[in-house]
Participant: 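Okay, here's the structure, questions in a sec.
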Amino acid sequence: MMKINSNWIAVVLFLLIVIGIFYFLFPDISTHVLGDKFNDVWVSCWHIWWDQTAFNQILKADFYTDKIFYPAGVNVHRHIPILFTDFLAIPFTFLFNITTSYNFLVMMLIFLNCVAMFFLAKYLTHNGYASFISGIIYGINAYVFGQIYNGALETINLVFLPLYILMFLKLINTNRRRYIFMSGLLLLFTTLSCWYYGLYLLFFTLLYIFIIIVMRAKFVCYKKTLLSCFWVLVLYAIFIAPMAYVLITRFIFFKTSIDIYKSQLDFIVDIKDFFTPGKLVFDSTVRHFMKSTYIGFSCLSLSLLAVVSRHRKEVVKWCFLGIFFLILTLGCRLSLFEHVFYNFYLPSKFLPVINTYRAFAVCLLIIAVISGYGMLFLVEIINRDRRNKLLVSITAITIIAEVLLVSPGPYPLPVTDMQIPAIYQELAKDKNDYAIIDIPFDLYNHLLCGKYMYYQTLHEKSIPYAVSYLSPSAKNIKHWDYIEENPFLNLILFNLGNVIYMSKSEIEILVQSCSELKKDGFLYLLLHNEFLNEGTKKALERLLLESCILIDNSDERISMYKLK
């Protein structure tokens with residue numbers, strides 16, 4: 001009788017667990033998405049559609065589109081290397097709509113996170129049971145659920161971190177050339193998925209080399225090891241070179257447009273958050289799921305067992321790595337029980353990096369490895385296979401139950417209704433090329449812009465706004481000059497409330513500038529009544545009726561006007 005490979009058993013179990021965790025979504029998988037409606041789910045769904053649009057433009061050697069920030073447009077080549085994660089959804093979009101594709105992508109990423117960690121732990125522990133537990137810890141945790149809640153797809157993608165470390169460790173141990181190539185490629189994939197994760201892996205690489213030299217000086221071949229690592233970095237630099245301009249300009253934009261140190265203060269993690277359970281224990285809620293860094297007492301218990309096991313020499317090395325990234329996760333100041341010690345600086349204060357809490361992704365990986373050694377210790381104590389299976393099952397159930405029921409991670413995850421208003425379905429039937437404006441629109445209102453962008457995935461008409469990593473900044477002269485030179489656009493973007501107090505002469509100017517929009521390719525204006533107070537809505541309606549024709553107001557939420 002053919003024996004089934006234990007690796008395949010683990011993969012199937014991970015798949016079944018992921019399906020079981022998200023069972024509640026399947027009845028509405030085509031109309032609702034995982035995540036909170038007040039966060040980034042709208043923009044994340046739009047990006048899945050937009051990346052295909054940008055990719056098609058690049059295949060045509062056309063690096064410009066006016067689909068967003070119309071009529072100035074944007075260079076699409078600057079967009080491709082950042083949202084690498086969204087491209088993983090492309091196979092789903094051939095079969096399903098955007099919302100279904102988004103949901104499948106989230107579930108696929110969690111599944112792949114588990115599998116990737118399983119193979120790293122298998123290489124380190126040489127035990128399938130221990131590796132399975134490591135995969136559970138890494139793929140299903142409060143941090144990941146917090147990122148799903150916020151709709152941050154790129155931060156859910158933890159797949160390439162363990163794969164890179166696996167190839168890097170094989171390189172350190174064997175110095176084979178193929179691992180140089182694989183390490184460089186996986187480091188590139190990590191950076192393109194989330195550039196924070198790529199940066200932290202560089203930190204990990206340097207720190208790991210330092211630790212093995214200090215702890216195993218007699219056993220390390222300095223020349224070969226350092227030379228191999230050098231070639232990994234060189235290869236990575238070659239891979240990243242075509243995208244380097246995009247990453248550097250984005251970093252410069254952040255550095256020049258915001259005070260990085262003040263921004264770091266917004267991402268301080270309280271030490272107690274690592275160890276504070278959630279809703280069932282203290283009947284409390286988490287204010288910032290985005291910064292959810294709960295480790296879990298089941299993981300901590302396994303970690304303590306690892307420290308006293310016969311593998312403690314290897315475990316100590318990973319503990320040093322974990323301490324470094326835990327400190328990095330805390331941010332620029334020490335915070336304990338909501339008290340920030342402003343006179344106590346942490347290392348990240350001196351680093352030009354915001355969102356330092358994302359270093360917790362590497363912490364998770366290290367905790368999963370250490371916990372795997374703890375599980376290995378338990379398995380070695382119990383030699384009988386049947387007892388091992390029972391022990392692993394109980395441990396896995398305990399870890400998952402703690403994450404879903406006790407930890408601060410939001411479960412069951414909220415789902416957002418993504419059904420698009422019928423009026424956009426009518427626009428989608430019209431295949432002519434023109435632009436539309438949703439009113440009110442506000443480039444600083446992430447939620448409002450995100451909704452309009454998501455509606456674009458259906459109607460596919462050009463829009464004069466976007467919330468995108470590589471969309472034009474506030475200093476994009478063409479885009480902002482156009483808005484500022486048109487009194488009507490200037491009004492609805494910056495001073496919409498003033499429409500109530502406009503004089504007759506000012507109204508005439510607005511009517512004229514609104515009519516001029518048609519010359520620039522705009523055709524329809526959609527008034528979102530639900531986002532306007534009664535006075536502003538009536539004043540806008542009077543203004544629009546002088547320059548537009550009311551086409552449809554059958555939907556109480558949206559009225560559609562066509563420019564005369």
Side-chain angles (χ1 to χ4, degrees), residues 25 28-56 65-70 74 76 79 82-83 85-90 92-93 96-106 147-156 413-430 434-471 493 524-531 555 557-560:
L25 177 67
D28 302 312
I29 198 167
S30 63
T31 57
H32 294 65
V33 298
L34 292 161
D36 184 72
K37 63 182 178 181
F38 296 111
N39 285 305
D40 291 341
V41 292
W42 306 97
V43 177
S44 294
C45 284
W46 175 83
H47 274 303
I48 292 174
W49 170 79
W50 171 250
D51 279 343
Q52 297 174 64
T53 303
F55 189 64
N56 289 334
T65 183
D66 58 7
K67 284 294 184 182
I68 55 175
F69 289 98
Y70 183 89
V74 65
V76 297
H79 186 89
I82 292 299
L83 294 172
T85 298
D86 298 331
F87 284 100
L88 300 176
I90 289 179
F92 295 122
T93 59
F96 310 107
N97 62 13
I98 297 295
T99 55
T100 307
S101 299
Y102 178 89
N103 289 322
F104 277 137
L105 177 60
V106 170
Q147 303 311 306
I148 298 173
Y149 176 90
N150 283 282
L153 276 179
E154 72 277 8
T155 53
I156 301 167
L413 280 158
V415 293
T416 297
D417 187 348
M418 304 295 282
Q419 296 182 73
I420 299 176
I423 200 165
Y424 291 100
Q425 297 173 12
E426 295 301 315
L427 281 174
K429 294 176 183 177
D430 186 353
Y434 53 82
I436 67 170
I437 301 175
D438 292 275
I439 305 173
F441 83 85
D442 183 350
L443 295 182
Y444 303 107
N445 188 327
H446 192 87
L447 174 64
L448 200 59
C449 249
K451 280 192 174 183
Y452 298 158
M453 290 161 63
Y454 173 68
Y455 298 157
Q456 187 190 33
T457 65
L458 177 64
H459 64 69
E460 298 187 345
K461 303 296 185 282
S462 297
I463 55 177
Y465 35 73
V467 180
S468 175
Y469 285 115
L470 291 174
S471 53
L493 178 59
Y524 291 105
L525 307 178
L526 287 92
L527 194 64
H528 292 257
N529 302 312
E530 58 184 324
F531 302 133
D555 188 335
R557 298 171 299 169
I558 305 173
S559 300
M560 185 164 71

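The basis for the numbers below is simple: all heavy atoms, side chains too, and nothing from hydrogens, waters or symmetry mates. Worth saying up front: this structure is predicted, and the values here are computed from it rather than measured.
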Participant: Scan residues 448-459 for pairs that pass side-chain hydrogen bond (donor to acceptor under 3.5 Å, both in side chains), counting only residues two or more places apart or in two chains.
Facilitator: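 Checked against side-chain hydrogen bond (donor to acceptor under 3.5 Å, both in side chains) - neighbours excluded - the pairs reaching residues 448-459 are W46-Q456.
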Participant: May I ask you to decide if G35's main-chain N or O and T416's side chain share a donor-acceptor pair within less than 3.5 Å?
Facilitator: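 It does hold such a pair.
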Participant: Mark yes or no for whether N103, through its side chain, and L34, through its backbone, hold a donor-acceptor pair below 3.5 Å.
Facilitator: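 Side chain of N103 to backbone of L34: a pair is present.
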Participant: Nearest 0.5 Å, please: how far is CD1 in I423 from CZ in R557?
Facilitator: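 Rounded to the nearest 0.5 Å, the CZ-CD1 separation comes out at 10.0 Å.
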Participant: Would you say the side chain of P414 lies within less than 4.5 Å of the side chain of Y149, judging by non-hydrogen atoms?
Facilitator: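 A side-chain contact under 4.5 Å exists here.
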Participant: Once rounded to the nearest 0.5 Å, what's the spacing between atom OG1 of T100 and atom CG of D28?
Facilitator: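 Between T100 OG1 and D28 CG, I get 10.5 Å after rounding to 0.5 Å.
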Participant: Give, for atom CD1 of I98 and atom NE2 of H47, the distance between the pair rounded to the nearest 0.5 Å.
Facilitator: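 Answer rounded to 0.5 Å: 12.5 Å.
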Participant: For a 4.5 angstrom cut-off between non-hydrogen side-chain atoms, does T31 reach T99?
Facilitator: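 The answer is no, as the side chains (C-beta and beyond) never meet within the 4.5 Å cut-off.
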Participant: Quick one: CG on N529 to CD1 on I439, what's the gap to the nearest 0.5 Å?
Facilitator: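 The distance works out to 11.0 Å.
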Participant: Got a second to check how far T93's OG1 is from F104's CZ, nearest 0.5 Å?
Facilitator: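 Separation between the atoms: 13.0 Å.
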Participant: Roughly how far, to the nearest 0.5 Å, is CD1 of I156 from CD1 of I148?
Facilitator: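 The CD1 atom of I156 is 4.5 Å from CD1 of I148, to the nearest 0.5 Å.
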Participant: For the pair S462 (side chain) and Y70 (backbone), establish whether a donor and an acceptor sit closer than 3.5 Å, ignoring hydrogens and angles.
Facilitator: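 No, the answer is negative, given that no donor and acceptor are paired below the 3.5 Å cut-off.
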Participant: Determine whether a donor-acceptor pair (N or O, by modelled atom type, separation under 3.5 Å) exists between the side chain of D430 and the backbone of E426.
Facilitator: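 No, because the side chain of D430 does not come within donor-acceptor range (under 3.5 Å) of the backbone of E426.
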